[in-house]
Amino acid sequence: MGELPLDINIQEPRWDQSTFLGRARHFFTVTDPRNLLLSGAQLEASRNIVQNYRAGVVTPGLTEDQLWRAKYVYDSAFHPDTGEKVVLIGRMSAQVPMNMTITGCMLTFYRQTPTVVFWQWVNQSFNAVVNYSNRSGDAPITVGQLGTAYVSATTGAVATALGLKSLTKHLPPLVGRFVPFAAVAAANCINIPLMRQRELQVGIPVTDEEGQRLGHSVAAAKQGIFQVVISRICMAIPAMAIPPVIMDTLEKKDFLKRRPWLGAPLQVGLVGFCLVFATPLCCALFPQRSSLHVSRLEPELRARVREQNPSIEVVYYNKGL
């Protein structure tokens, strides 16, 4: 068998990203929780394969399937813009196991104020790590900016949850079960922009179709963050809307009345089942490499792009996750 050719484009996902199905297949691979079990040595080996291939060096005996596997292992653990290894719980492959535990507990322990505060704090702390780890661009963010964003986002989320809890106090119990979802949806609108505020200040890199950097755009950052907020809210809907209805029915049955300790693990299991599908499918709502028409760029950047290459009508950027 001959050596693997060097014309395989591993800068892009393996599947066609212009279709929802192609993006879904891509994100089912990216969010695979089994990637969390890979050792540091396996991650480094995959990084070496990918970086060598990009440099024109093919690992002896490497097959195309092995190359793509190495690319997805590399992508699962390293930031696409900075090349830094992402902290374990910040990786997209940690979304399902972490969210099923946290969301399951939010939906189970929603009646008492101390538990509402605790699990909302845990959830927003986790979201802060994820949002920072999967930010777009390579602009540095200071510890002070990070701390301010984290405190603001977490405080906003907890205040939203407690406010909604008090408003639903006299409503039917089933309505109260949806307070965590409403709080999470509202908190996403606070947490994501705050944790990615640096992008809204200095912009994110935009490129031409070939990947040549053209400059930084705040307009692209706004569109990317908006798309991520929508994806995250949609991601939470199945996991936080379906289990409460099922649990409200099951808790009226004698089986759970006699075994109340089963409530939490059952809720976590239901949430996990929903998230296995909701996470990749909602990540796939928008292309990872999103586009923006040149006419929507900032005037200065738009003028520079048109001066350098008048034929460019669309620019591209990494929207983050």
Side-chain angles (χ1 to χ4, degrees), residues 4-27 29-30 47 50-58 64 67-68 70-72 74-75 78-84 92 134-141 192-193 196-231 280-321:
L4 197 66
L6 288 170
D7 60 354
I8 300 171
N9 185 11
I10 59 170
Q11 295 293 112
E12 300 293 334
R14 187 171 191 175
W15 298 281
D16 180 7
Q17 296 300 283
S18 66
T19 68
F20 177 76
L21 182 59
R23 295 195 295 271
R25 293 183 71 181
H26 166 69
F27 281 110
T29 306
V30 169
R47 176 158 73 169
V50 170
Q51 290 183 339
N52 286 343
Y53 187 84
R54 286 173 178 169
V57 179
V58 178
E64 185 173 349
L67 174 63
W68 281 112
K71 178 246 187 329
Y72 273 102
Y74 172 77
D75 287 353
F78 296 91
H79 192 277
D81 293 325
T82 66
E84 297 173 350
M92 290 309 292
N134 295 281
R135 67 197 183 281
S136 174
D138 49 14
I141 181 170
I192 295 172
R196 294 176 60 175
Q197 62 178 297
R198 180 70 176 166
E199 299 170 35
L200 296 172
Q201 294 167 352
V202 302
I204 57 176
V206 293
T207 68
D208 60 19
E209 197 168 4
E210 283 72 43
Q212 296 298 314
R213 188 173 291 195
L214 302 169
H216 287 72
S217 169
V218 172
K222 289 178 180 177
Q223 178 173 290
I225 289 172
F226 174 75
Q227 290 175 345
V228 170
V229 169
I230 296 300
S231 294
L281 292 176
C282 291
C283 283
L285 289 176
F286 304 99
Q288 178 69 39
R289 188 187 185 217
S290 288
S291 60
L292 187 70
H293 199 275
V294 171
S295 63
R296 295 181 59 192
L297 293 174
E298 293 80 355
E300 185 180 329
L301 178 58
R302 181 170 64 240
R304 190 163 69 246
V305 169
R306 285 185 167 155
E307 182 182 343
Q308 293 173 355
N309 194 334
S311 63
I312 293 179
E313 293 294 332
V314 175
V315 295
Y316 300 89
Y317 62 93
N318 169 30
K319 71 174 175 63
L321 288 170

Verify side-chain contact (heavy atoms from CB on, under 4.5 Å) between Ile8 and Glu64, making sure each step is shown before the conclusion. CA-CA 8 Å; Ile8 300 171; Glu64 185 173 349; 3.8 Å; yes
Rounded to the nearest 0.5 Å, what separation is found between the NE2 atom of His216 and the CD atom of Gln201? 13.0 Å
Looking at Gln17 and Glu12, would you say the former's side chain and the latter's main chain have a donor-acceptor pair under 3.5 Å? no
Tell me if the CZ atom of Arg54 is crowded by more than 12 foreign heavy atoms within 6.0 Å. yes
Would you say Phe78 has more than 12 foreign heavy atoms packed within less than 6.0 Å of its CZ? yes
After noting the C-alpha distance and the side-chain angles of Trp15 and Tyr72, does the key distance pass the ring pair (Phe, Tyr, Trp, His ring centres under 6.0 Å) rule? CA-CA 12 Å; Trp15 298 281; Tyr72 273 102; 5.8 Å; yes
Within the 3.5 Å criterion, strictly below it, is a donor on Gln227 or Ser290 matched to an acceptor on the partner's side chain? yes
Taking atom CZ of Arg289 and atom OH of Tyr317, what is their separation to the nearest 0.5 Å? 12.0 Å
Can you tell me how far apart CZ (Arg23) and CG (Leu285) are? Round to the nearest 0.5 Å. 8.0 Å
Hey, could you give me the OG1/CZ distance between Thr19 and Arg25, rounded to the nearest 0.5 Å? 9.5 Å
Is there a side-chain contact (heavy atoms from CB on, under 4.5 Å) between Val314 and Leu292 once you walk through the steps? CA-CA 6 Å; Val314 175; Leu292 187 70; 6.0 Å; no
For the atom pair CD (Gln197) and CD1 (Ile225), what is the distance rounded to the nearest 0.5 Å? 9.5 Å
Interatomic distance, Gln288 atom CD to Lys319 atom NZ [nearest 0.5 angstrom]: 5.0 Å
Whether Arg302 side chain and Leu297 backbone form a donor-acceptor pair below 3.5 Å: yes
